[in-house]
Amino acid sequence: MKIQETSLPGVLIIEPSVFSDHRGLFMETYHSGRFAAHGLDVKFVQDNLSISGENVLRGLHYQITHVQAKLVQAVQGRIFDVAVDVRKGSPTFGQWTGAVLDDESHRQMFIPAGFAHGFCVLSKEARVCYKCDALYAPGDEGTLLWSDPDVGVEWPLSDPILSEKDQAGPRLKDIPPNRLPVYK
Ligand SMILES: Cc1cn([C@H]2C[C@H](O)[C@@H](COP(=O)(O)OP(=O)(O)O[C@H]3O[C@H](C)C(=O)[C@H](O)[C@H]3O)O2)c(=O)[nH]c1=O
């Protein structure tokens with residue numbers, strides 16, 4: 001397993017060890033000991049599966065108090081995965097980073113707690129599995145407008161398929177401070 005830092009401190013790209021043979025391949029998608037050896041002392045409590053068609057964009061979402069660190073992987077297809085620092089008081093507040101995750105590189109993105117997360121689908125379909133270190137808290141969700149010009153995410157598409165919630169997401173400057181996670 002190799003770990004690369006990104007332009008946003010805390011957000012990491014993980015290149016897992018992939019063992020291929022004449023049958024196919026095997027990879028550990030998470031190993032607490034290997035993560036801890038790289039300083040990632042995270043224990044996941046929820047696994048999600050998200051299946052979307054081409055040009056779907058889900059995000060940008062976060063939980064306000066029940067903040068979630070995430071480990072994201074495209075187990076089928078190809079996505080552009082994005083993290084935005086929305087932690088009030090963070091020195092990198094409002095900054096973003098993105099990476100292509102797909103079923104050929106098997107790369108993963110680790111997103112620390114308190115970041116907004118979203119992705120858009122670049123293949124016909126994408127099956128995205130991601131682990132969270134805190135449980136879903138329905139009333140605790142926050143949304144950031146995917147196209148917020150102040151954040152300036154360079155999405156590799158222009159007219160995504162969005163949920164109504166995501167179409168109406170607020171710009172970062174319009175989110176009340178009490179609706180943002182706190183930088184610790
Ligand atoms: C997130 C979540 C949702 N749900 C239910 C709530 C809705 O009835 C339904 C769809 O939820 P939503 O439209 O919020 O799903 P996404 O737009 O994919 O949201 C996710 O998008 C970005 C990419 C994320 O990282 C978050 O995990 C999450 O916000 O699943 C649950 O039951 N448990 C959950 O953990």
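All ligand and atom numbering here is 1-based and tracks the order in the structure. For the numbers below, each heavy atom of this structure counts, side chains included, while hydrogens, waters and symmetry mates do not.
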Query raised in the report: Are there protein heavy-atom neighbours of atom 10 (C) of ligand 1 below 4.0 Å?
Result: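 When distances to the protein are checked, atom 10 (C) of ligand 1 has no heavy atom within 4.0 Å.
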Query raised in the report: Hey, is atom 16 (P) of ligand 1 under 4.0 Å from any protein heavy atom?
Result: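 Under the 4.0 Å cut-off, atom 16 (P) of ligand 1 does have protein heavy-atom neighbours.
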**Report entry** Proximal ligand 1 atoms for Lys70, defined as those under 4.0 Å from one of its heavy atoms
**Finding:**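 Heavy-atom distances to Lys70 below 4.0 Å select 24 (C), 25 (O), 26 (C), 27 (O).
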Query raised in the report: Does atom CD of Glu141 have more than 12 heavy-atom neighbours, drawn from other residues, nucleotides or ligands, at distances under 6.0 Å?
Result: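 Above 12, so yes.
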Report task. For Lys184, look at atom NZ and say whether over 12 heavy atoms of other residues, nucleotides or ligands are found less than 6.0 Å away. Result ->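 Counting other residues, nucleotides and ligands, NZ of Lys184 stays at 12 neighbours or fewer.
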So which heavy atom in the protein is nearest [atom], and how far is it from that ligand atom?
atom	result
atom 33 (N) of ligand 1	Tyr136 CD2, 3.2 Å
atom 26 (C) of ligand 1	Tyr130 OH, 3.5 Å
atom 23 (C) of ligand 1	His117 ND1, 3.5 Å
atom 14 (O) of ligand 1	Lys165 NZ, 2.8 Å
atom 35 (O) of ligand 1	Gln46 NE2, 2.9 Å

Do the ring centers of [X] and [Y] come within less than 6.0 Å of each other?
X	Y	value
Phe93	Tyr183	no
Tyr130	His117	yes
Phe115	Tyr62	no

Query - Under 3.5 Å: N/O of Arg58 near N/O of ligand 1 - result: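 N/O-N/O distance under 3.5 Å: yes.
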Query raised in the report: Going by distance only, is there an N or O of His61 that falls short of 3.5 Å from an N or O of ligand 1?
Result: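 Among all N and O atoms of His61, at least one is under 3.5 Å from an N or O of ligand 1.
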Report task. Side-chain contact test, heavy atoms from C-beta onward, threshold under 4.5 Å: evaluate it for Thr29 versus Met27 and give yes or no. Result ->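 The answer is yes, as the side chains (C-beta and beyond) meet within the 4.5 Å cut-off.
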Report task. Record the part of Gln68 in heavy-atom contact with ligand 1 below 4.0 Å; permitted values are side chain, backbone, both and neither. Result ->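 Near ligand 1, Gln68 shows nothing, with every heavy atom at 4.0 Å or more.
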Requested in this report: Provide the closest heavy-atom pair for Asp133 versus Lys43 in the form atom of the first, atom of the second, distance.
Outcome: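 Minimum heavy-atom separation between Asp133 and Lys43: CB-O, 3.4 Å.
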Query - Heavy-atom closest pair, residues Ala99 and Ile13 - result: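 It is CB-CD1, 3.6 Å.
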